[in-house]
Amino acid sequence: MSISELLKTENKTAVAEQEKVQRPRPIYTPSTDLYSNEEEHLLVLDLPGVKESDLEISLEKDELRISAKTAGSEPKGSLRYSEYGTGDYKRTFLLSEPVEEDKISAVLKNGVLQLKLPRKKPLSKKIEVKTN
């Protein structure tokens with residue numbers, strides 16, 4: 001192989017790798033179920049292919065943000081037909097009532113995230129009435 005052929009091959013490889021890097025990954029909205037009772041809210045989200053280390057959950061004021069990344073692996077060969085897509089996940093919820101931030105818990109198991117949001121107990125104080 002001559003030097004010019006080798007350079008052409010390297011350029012094609014570099015362009016192909018650059019195209020892979022530049023293509024944005026799709027972002028999916030995970031399917032979610034919401035359960036509520038007097039004690040807490042439970043969010044159940046489908047996050048297939050997500051590892052615990054690639055999951056980020058944050059609560060800022062009344063906005064709950066969930067984002068996750070998946071490790072995409074593409075098999076060798078050219079894609080002929082596709083029904084399955086891999087990508088990242090993002091979902092935001094606006095909370096309509098206060099929650100106990102310190103008691104929020106999250107468990108990711110088999111691609112399903114269970115997020116428990118304990119309801120904040122209303123502060124009530126009995127006011128004593130006096131007569132003069």
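Side chains included, hydrogens not; waters and symmetry mates left out as well; all remaining heavy atoms used.
Taking the charged nitrogens against the carboxylate oxygens, R119 and E97 do have a contact shorter than 4.0 Å, which makes a salt bridge. Salt-bridge annotation for E63 and R65: present, with a side-chain N of the basic residue lying under 4.0 Å from a carboxylate O of the acidic one. Classification of K116 and E39 as a salt-bridged pair fails, no side-chain N sitting under 4.0 Å from a carboxylate O.
Side-chain contact annotation: R25 with T70, donor-acceptor N/O pair under 3.5 Å present.
Minimum heavy-atom separation, L108 to V50: CD2-O, 3.6 Å. Looking at every heavy atom in both residues, Y28 comes nearest to T86 through CE1-C, 3.8 Å. Taking each heavy atom of A106 and L115 in turn, the nearest pair found is CB-CD1, 3.6 Å.
In this structure, R91 contributes its side chain and P30 its backbone to a donor-acceptor pair below 3.5 Å.
Within 6.0 Å of atom NZ in K51, 12 or fewer heavy atoms from other residues, nucleotides or ligands are found, so the atom counts as exposed in its surroundings. Applying the 6.0 Å contact sphere to CD of E52 captures no more than 12 heavy atoms from other residues, nucleotides or ligands.
Here the straight-line distance linking atom CG of L117 with atom CG of L64 works out to 6.0 Å at 0.5 Å rounding. For the atom pair OG (S36) and NE2 (H41), the distance works out to 4.5 Å, reported to the nearest 0.5 Å. Residue N37 holds its CG atom at 8.5 Å from CG of L42, rounded to the nearest 0.5 Å. The distance from the CD atom of Q114 to the CG atom of L45 is 10.0 Å, given to the nearest 0.5 Å. Rounding to the nearest 0.5 Å gives a distance of 7.5 Å between CG of D46 and OG1 of T32. Annotation: the span from D88 atom CG to D54 atom CG amounts to 9.0 Å, rounded to 0.5 Å.
Residues V99 and Y35 do not share a hydrophobic cluster, defined by chaining ILVMFWY side chains whose heavy atoms lie under 4.5 Å apart.
In this structure, L43 and D33 have side chains that are not in contact, with every pair of non-hydrogen atoms separated by 4.5 Å or more. Side-chain contact check for V44 versus L34: every heavy-atom pair is 4.5 Å or farther apart. When side chains are defined from C-beta on, L55 counts as touching L113, because their heavy atoms get closer than 4.5 Å. Counting heavy atoms from C-beta outward, I27 and Y89 have side chains that stay 4.5 Å or more apart.
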